[in-house]
Amino acid sequence: MAGGVRKKSPGSPSPVWGKLHTLWQDKHLVLFKTEYTLLVVSVLWFLEVGINVWVIQKVAYTEIDWKAYMDEVEGVINGTYDYTQLKGDTGPLVYPAGFVYIFTALYYITSRGVNIRLGQYIFAVFYLITLLLVFRIYYRTKKVPPYVFFFVCCASYRIHSIFVLRLFNDPVAMMLLFGAMNLFMDGYWTMGCGLYSLAVSVKMNVLLFAPGLLFLLLSEFGLIRTIPKLSLCAGIQLFLGLPFLLENPIGYVSRAFDLGRQFMFKWTVNWRFLPEWLFLNRYFHLLLLSAHLLTLLLFAFRRWKRPRESIFELLKEPGKRKIPAQKNTIVLVLFTSNFVGMCFSRSLHYQFYVWYFHTLPYLLWSGGVKKLAHLLRVLILGLIELSWNTYPSTNSSSAALHVCHFIILLCLWLAPPLPSAPTETRQQTPNKDKRH
């Protein structure tokens, strides 16, 4: 040794070579071992760049809502702030103010909505950003074997269609939602709540995550420190909607957040096997809402909270009752909250698939049925994909979708409750929000 520096022996392998050697030895396990998640998703993400370009260039664009979106925001640009007067080819404007601002920007970028091809490439960027955010969640949680990620991206025709061939607003909302989830996992709860509220302002389907988010906020901060974060979410909605609220507050709220909106039977994916009169029946809608709320309460009381911990403990100071929420807990609670809403939805249209598509593998591999083989899980994913790709929907496709939903929900219910916090950690200082 000279000068305190150890010379590397000529025969010792470099760290890079060692990793490559290990990778070669484990090549048959790369698709099954979660430690190779980063490698697999990186390859798939770059493949998706080419796939999106190919789809845009080779598959015909289909006009559904884009022109209506452009007509709606053009009305705002021309000075109309009364939501009851804003409409497009497919009907009145029924999305919150965040939608208006984002699609106004797209209106100008795409030459008043005329440059469809540019819009498709913008949505391809949205798709790739969404995929990065989703892959980061799966990489951080290491819950799902890497081979499943092929089904999360490359294998779904419907999802590519929703993003780059239809240009719906649903993908924009979900991109913001997954961004908020990444912030929650990193401990940036205030910033995450802000981004979550922005997602709600694009489309209110994101409210399906709200019960799970409220549970997590109470778990992490207790009632008193949760109130400012809820106030932030509400404040953002008020700020974005202010021009429209000043013009016609009742018109804005009733249109942008219309919870009683009636859906058309011909577009339903999930209730095709029902007679149309029952599908439209208000008592049936109330039954679904009751089942939705009851299921959420059961999961909150029996699966999300830890054993021997009262649900009312959530209102107390967090440091006196439990350890901070873990990454898997955050993801599982939010994904389950949204999935329960999908199961009991009054109607699901084809573009709604993106509301839960990227969450399905996580939910399937989080279930409590250990004997549910990999092949069966993949089969369930395939049946769900087939149901969403059957157009028009049939009695069989709708029934198959409900059967798959029931199996996933049952597996989630049979999963063991969250473990109790060790006694010695109960008095630890709670995980503080990195951005108050």
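Predicted model, so just to flag it, every value in this text is computed and none were measured. The first residue of the sequence shown is numbered 1, and numbering continues consecutively from there.
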Which heavy-atom pair separates [X] from [Y] by the least distance, and what is that distance?
{"X": "Tyr95", "Y": "Val202", "answer": "CB-O, 3.8 Å"}
{"X": "Asn182", "Y": "Leu133", "answer": "ND2-O, 3.2 Å"}
{"X": "Ala173", "Y": "Ala199", "answer": "O-CB, 3.5 Å"}
{"X": "Ile384", "Y": "Cys404", "answer": "CG1-CB, 3.6 Å"}
{"X": "Leu195", "Y": "Ala180", "answer": "CD2-N, 3.4 Å"}
{"X": "Ala60", "Y": "Leu165", "answer": "O-CD2, 3.9 Å"}

Applying ring-ring contact (aromatic ring centres under 6.0 Å, His included), name anything that partners [X], two or more places apart in sequence or on another chain.
{"X": "Trp413", "answer": "Phe299"}
{"X": "Phe150", "answer": "none"}
{"X": "His405", "answer": "Phe339, Tyr356"}
{"X": "Tyr353", "answer": "Phe357, Trp388"}

Would you say [X]'s side chain and [Y]'s backbone share a donor-acceptor pair under 3.5 angstrom?
{"X": "Thr336", "Y": "Val333", "result": "no"}
{"X": "Ser345", "Y": "Met342", "result": "no"}
{"X": "Thr226", "Y": "Leu217", "result": "yes"}
{"X": "Asn338", "Y": "Leu334", "result": "no"}
{"X": "Tyr350", "Y": "Val269", "result": "no"}
{"X": "Tyr252", "Y": "Leu242", "result": "no"}
{"X": "Thr34", "Y": "Pro145", "result": "no"}
{"X": "Ser231", "Y": "Ile227", "result": "yes"}

So for atom OH, which belongs to Tyr139, do other residues, nucleotides or ligands contribute more than 12 heavy atoms lying within a distance under 6.0 Å?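 No, because the 6.0 Å sphere around OH of Tyr139 holds 12 heavy atoms or fewer from other groups.
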Tyr147 atom OH: more than 12 heavy-atom contacts under 6.0 Å: yes
Under 30°, 30 to 60°, or over 60°: which ring-plane class applies to [X] and [Y], parallel, tilted or perpendicular?
{"X": "Phe352", "Y": "His349", "value": "parallel"}
{"X": "Trp267", "Y": "Tyr391", "value": "parallel"}
{"X": "Phe123", "Y": "Trp66", "value": "perpendicular"}

Residue set satisfying salt bridge (charged side-chain N to carboxylate O under 4.0 Å, His left out) with Asp71, at least two apart, ordered chain then number -> Lys67
Using salt bridge (charged side-chain N to carboxylate O under 4.0 Å, His left out) as the criterion, list what pairs up with Arg272, not counting sequence neighbours.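 Partners of Arg272 by the salt bridge (charged side-chain N to carboxylate O under 4.0 Å, His left out) criterion come out as none, since no residue qualifies.
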Please round to the nearest 0.5 Å and tell me the distance separating atom [atom1] of [X] and atom [atom2] of [Y].
{"X": "Phe135", "Y": "Leu128", "atom1": "CZ", "atom2": "CG", "answer": "10.0 Å"}
{"X": "Lys143", "Y": "Trp365", "atom1": "NZ", "atom2": "CH2", "answer": "12.5 Å"}
{"X": "Leu332", "Y": "Ser337", "atom1": "CG", "atom2": "OG", "answer": "11.0 Å"}
{"X": "Phe221", "Y": "Lys229", "atom1": "CZ", "atom2": "NZ", "answer": "4.5 Å"}
{"X": "Leu208", "Y": "Leu213", "atom1": "CG", "atom2": "CG", "answer": "12.5 Å"}
{"X": "Trp54", "Y": "Leu47", "atom1": "CH2", "atom2": "CG", "answer": "14.0 Å"}

Considering the options Phe99, Tyr107, Tyr83, which one meets the side chain to side chain contact (heavy atoms under 4.5 Å, CB included) requirement together with Glu72?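 Result: among Phe99, Tyr107, Tyr83, Phe99 is the only option passing the side chain to side chain contact (heavy atoms under 4.5 Å, CB included) with Glu72.
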Set out, in order, the CA-CA distance, both residues' side-chain angles and the distance that settles side-chain contact (heavy atoms from CB on, under 4.5 Å) for Leu412 and Phe335, then state yes or no. CA-CA 11 Å; Leu412 289 170; Phe335 281 2; over 6 Å; no
Are [X] and [Y] packed together at the side-chain level, in the sense that at least one heavy-atom pair is separated by less than 4.5 angstrom?
{"X": "Leu245", "Y": "Val253", "answer": "yes"}
{"X": "Cys193", "Y": "Phe184", "answer": "yes"}
{"X": "Thr130", "Y": "Val354", "answer": "no"}
{"X": "Leu198", "Y": "Leu240", "answer": "yes"}
{"X": "Arg117", "Y": "Gln57", "answer": "yes"}
{"X": "Val41", "Y": "Val152", "answer": "no"}
{"X": "Phe178", "Y": "Arg136", "answer": "no"}
{"X": "Val100", "Y": "Leu93", "answer": "yes"}

With sequence neighbours left out, which residue pairs that include part of residues 155-177 fulfil the side-chain hydrogen bond (donor to acceptor under 3.5 Å, both in side chains) condition?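 Listed by first then second residue: Glu48-His160, Thr62-Arg166, Tyr69-Asn169, Tyr127-His160, Ser156-Glu385, Ser161-Arg166, Asp170-Lys203, Asp170-Trp355.
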Any pair counted as side-chain hydrogen bond (donor to acceptor under 3.5 Å, both in side chains), so long as it reaches residues 232-243, sequence neighbours left out: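 Every pair satisfying side-chain hydrogen bond (donor to acceptor under 3.5 Å, both in side chains) with a residue in residues 232-243: Ser197-Gln237.
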With a cut-off of 3.5 Å and sequence neighbours excluded, list every side-chain donor-acceptor pair involving residues 283-291.
residue, atom, partner, partner atom, Å
His285, NE2, Phe279, O, 2.9
Ser290, OG, Leu286, O, 2.9

Which atom pairs, one a donor and one an acceptor, fall under 3.5 Å between side chains of residues 258-265 and the rest of the protein, sequence neighbours left out?
residue, atom, partner, partner atom, Å
Asp258, OD1, Gly260, N, 3.1
Asp258, OD1, Arg261, N, 3.4

side-chain contact (heavy atoms from CB on, under 4.5 Å), that's the test. Do Ile236 and Ser201 meet it? Break it down for me. CA-CA 9 Å; Ile236 288 174; Ser201 77; 5.8 Å; no
Working note: Thr110 + Tyr121, criterion side-chain contact (heavy atoms from CB on, under 4.5 Å); need CA distance, chi angles, decisive distance, verdict. CA-CA 11 Å; Thr110 59; Tyr121 278 107; over 6 Å; no
Run the side-chain hydrogen bond (donor to acceptor under 3.5 Å, both in side chains) test against Ser347 and tell me which residues pass, sequence neighbours left out. Thr268
I'd like to know whether the aromatic ring centres of Phe209 and Tyr196 sit less than 6.0 Å apart in this structure. no
Take Leu360 and Phe151, measure what side-chain contact (heavy atoms from CB on, under 4.5 Å) needs, and give me the verdict at the end. CA-CA 10 Å; Leu360 291 173; Phe151 302 100; over 6 Å; no
side-chain contact (heavy atoms from CB on, under 4.5 Å) partners of Leu386, counting only residues at least two apart: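 With sequence neighbours excluded, Leu386 shows a side-chain contact (heavy atoms from CB on, under 4.5 Å) to Thr390, given in chain and number order.
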